[in-house]
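A short worksheet on the structure shown next.
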Amino acid sequence: MIIDCAVIGGGPAGLNAALVLGRSRRKTILFDDNKPRNAVTSHSHGFITRDGINPQELKRIAQEELRLYPDVRILKQRVELINKNNDLFQVKTEAGEVYHAKKIILATGFKETLPDIPKVKEFYGKSLFSCPFCDGWELRDRPLAVIAEGQKAFHMAKVVSNWTNDLIIFTNGSKGLSADEKELLISKGICFNDKKITALIGKEGILERIQLEDDSEILRQGGFIAADWKPAASFESSLGYTLNELKGIETDSWNRTSAKGVFACGDTKIAGPSQLIIAAGEGSMAAIAVNAELIEEKFNQEEKTAL
């Protein structure tokens with residue numbers, strides 16, 4: 001069977017793409033291996049009518065809505081291979097099943113690698129977060145930490161200072177901040193510490209103190225941490241799309257990649273974490289672009305046939 005579109009990735013971007021495609025009467029398969037980046041997150045914010053929702057509950061509701069559309073199928077398998085044969089894409093899953101699609105939407109997102117700090121995963125998603133716009137409100141007016149290096153530290157310091165006047169930047173042994181950057185931070189009441197972090201101390205994931213290499217401890221009640229990001233997609237392909245300098249997939253304003261028939265949306269193209277509402281909007285745009293392209297191809301074919 002030939003489907004109109006294969007959507008790779010079952011996060012907000014992929015789910016919303018599948019929804020718009022289903023409402024456009026496009027035969028669609030959503031491939032979801034259920035390994036979300038935000039698995040540690042218990043509450044997601046900034047999504048109108050869904051502020052504070054558990055990400056897995058949002059996903060459950062979305063999948064329920066998709067089941068109302070007979071042209072959409074959710075397949076809980078990991079994609080291993082995507083190749084293009086003539087005008088069709090061949091999608092092979094880990095179970096060895098092969099599907100053929102006219103278009104591909106990549107919404108696989110990114111994986112994060114946290115700094116090498118003891119027990120950091122115990123606090124991540126509970127009192128240490130990656131996105132101030134997602135979790136800054138809950139940490140407002142507390143003594144906070146930003147754990148990051150180089151330009152990430154400088155950028156995050158400026159952003160997080162919007163939510164607190166008690167902020168310390170921990171570069172964890174890095175010397176990435178320039179003298180001018182340090183001077184500017186100090187002028188705004190933002191402190192910094194270049195010592196290596198040896199321990200995060202707290203109970204049940206709620207940060208209380210940060211211990212440094214000289215055994216000193218600094219009281220903090222939460223904060224934000226810069227992770228390294230890499231594409232979550234693990235499939236092989238010969239699609240040949242272009243990556244940007246941040247390793248995200250480069251697209252035009254319609255979310256079309258440089259590979260004909262391949263679209264990308266959400267964190268996959270942004271190359272870092274975004275709010276759910278932004279990812280969902282990206283998915284909608286990709287689906288609209290797919291639908292527009294399929295319509296144009298249909299009419300062009302009919303015009304050639306008539307001639």
Side-chain angles (χ1 to χ4, degrees), residues 37-55 57-58 112 114-115 117-174 176-178 180-212 214-227 272-279:
R37 176 187 63 78
N38 61 356
V40 300
T41 303
S42 56
H43 302 283
S44 292
H45 297 281
F47 200 133
I48 192 71
T49 77
R50 291 291 183 266
D51 191 43
I53 194 171
N54 181 285
E57 175 64 8
L58 179 70
E112 56 198 358
L114 297 174
I117 298 172
K119 297 184 179 180
V120 66
K121 291 183 178 180
E122 294 182 14
F123 296 88
Y124 190 60
K126 295 179 180 177
S127 59
L128 290 176
F129 304 93
S130 63
C131 174
F133 294 100
C134 300
D135 299 288
W137 171 259
E138 284 67 33
L139 298 181
R140 67 193 183 280
D141 298 326
R142 298 183 191 179
L144 300 182
V146 163
I147 302 173
E149 301 178 5
Q151 283 302 303
K152 288 183 179 180
F154 186 60
H155 172 72
M156 288 187 74
K158 292 190 292 184
V159 175
V160 175
S161 68
N162 183 69
W163 284 272
T164 183
N165 292 320
D166 187 351
L167 181 61
I168 300 177
I169 311 306
F170 295 86
T171 63
N172 194 29
S174 165
L177 289 173
S178 70
D180 288 344
E181 288 170 341
K182 289 181 178 180
E183 185 178 343
L184 179 57
L185 292 177
I186 291 171
S187 73
K188 301 300 182 183
I190 300 172
C191 302
F192 59 88
N193 193 303
D194 290 333
K195 295 183 178 69
K196 195 165 184 63
I197 297 172
T198 55
L200 300 174
I201 302 170
K203 297 176 183 177
E204 297 180 353
I206 305 303
L207 184 67
E208 297 175 359
R209 304 187 303 281
I210 295 178
Q211 186 181 76
L212 303 171
D214 61 359
D215 290 331
S216 62
E217 294 182 359
I218 299 179
L219 299 178
R220 297 288 92 182
Q221 294 180 10
F224 295 88
I225 189 165
S274 64
Q275 289 188 300
L276 298 184
I277 197 164
I278 294 175

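Proximity of a side-chain donor or acceptor of Thr198 to a complementary backbone N or O of Leu212 within less than 3.5 Å is detected. Listed for the Ser178 side chain is a donor-acceptor partner under 3.5 Å among the backbone atoms of Glu181. Panel note: side chain Ser127, backbone Gly205; a donor-acceptor pair is recorded below 3.5 Å.
Between His43 atom NE2 and Ile53 atom CD1 the span is 11.0 Å, to the nearest 0.5 Å. The structure places CG of Leu144 at 5.5 Å from CG of Leu139, a figure rounded to the nearest 0.5 Å. Atoms CD1 and CZ, from Ile168 and Phe192 in turn, are 11.5 Å apart once rounded to the nearest 0.5 Å. Remark: Phe129 CZ to Tyr124 OH distance equals 9.5 Å, nearest 0.5 Å. A distance of 13.0 Å separates CZ in Phe123 from CG in Leu114, rounded to the nearest 0.5 Å. Taking CG of Asp135 as the start and NE2 of His45 as the end, the distance is 5.5 Å to the nearest 0.5 Å.
A side-chain contact (heavy atoms from CB on, under 4.5 Å) with Lys195 holds for exactly one of Asn172, Asp214, Thr171; it is Asp214.
Gly46 and Ile277 get closest at one heavy-atom pair: O-CG2, 3.7 Å. The shortest heavy-atom contact between Met156 and Ala226 is SD-CB, 3.7 Å. In plain terms, the two heavy atoms of Leu185 and Ala157 that are nearest each other are CD2-CB, 3.8 Å. Closest of all the heavy-atom pairs between Pro132 and Val160 is CG-CG2, 3.8 Å. Heavy atoms only, all atoms of each residue included: Cys134 and Gln275 are closest at SG-CG, 3.7 Å. Across all non-hydrogen atoms, the minimal contact from Lys126 to Glu122 is CD-O, 3.7 Å.
Ile206 has its side chain out of reach of Gln221: every pair of non-hydrogen atoms, C-beta onward, lies at least 4.5 Å apart. Between Ile201 and Ile210 there is no side-chain heavy-atom pair separated by less than 4.5 Å. Put simply, the side chain of Lys182 reaches to within 4.5 Å of the side chain of Asp194, judged on heavy atoms. Side-chain contact check for Ile225 versus Pro115: some heavy-atom pair is nearer than 4.5 Å.
Atom CG of Asn165 sits in a sparse spot, with 12 or fewer heavy atoms from other residues, nucleotides or ligands closer than 6.0 Å. Summarising the local packing, CZ of Phe47 is surrounded by more than 12 heavy atoms from other residues, nucleotides or ligands at distances under 6.0 Å.
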Practice problem: I would like to know whether Ile197 and Val120 meet side chain to side chain contact (heavy atoms under 4.5 Å, CB included); could you show each step before the answer? | Solution: CA-CA 10 Å; Ile197 297 172; Val120 66; over 6 Å; no
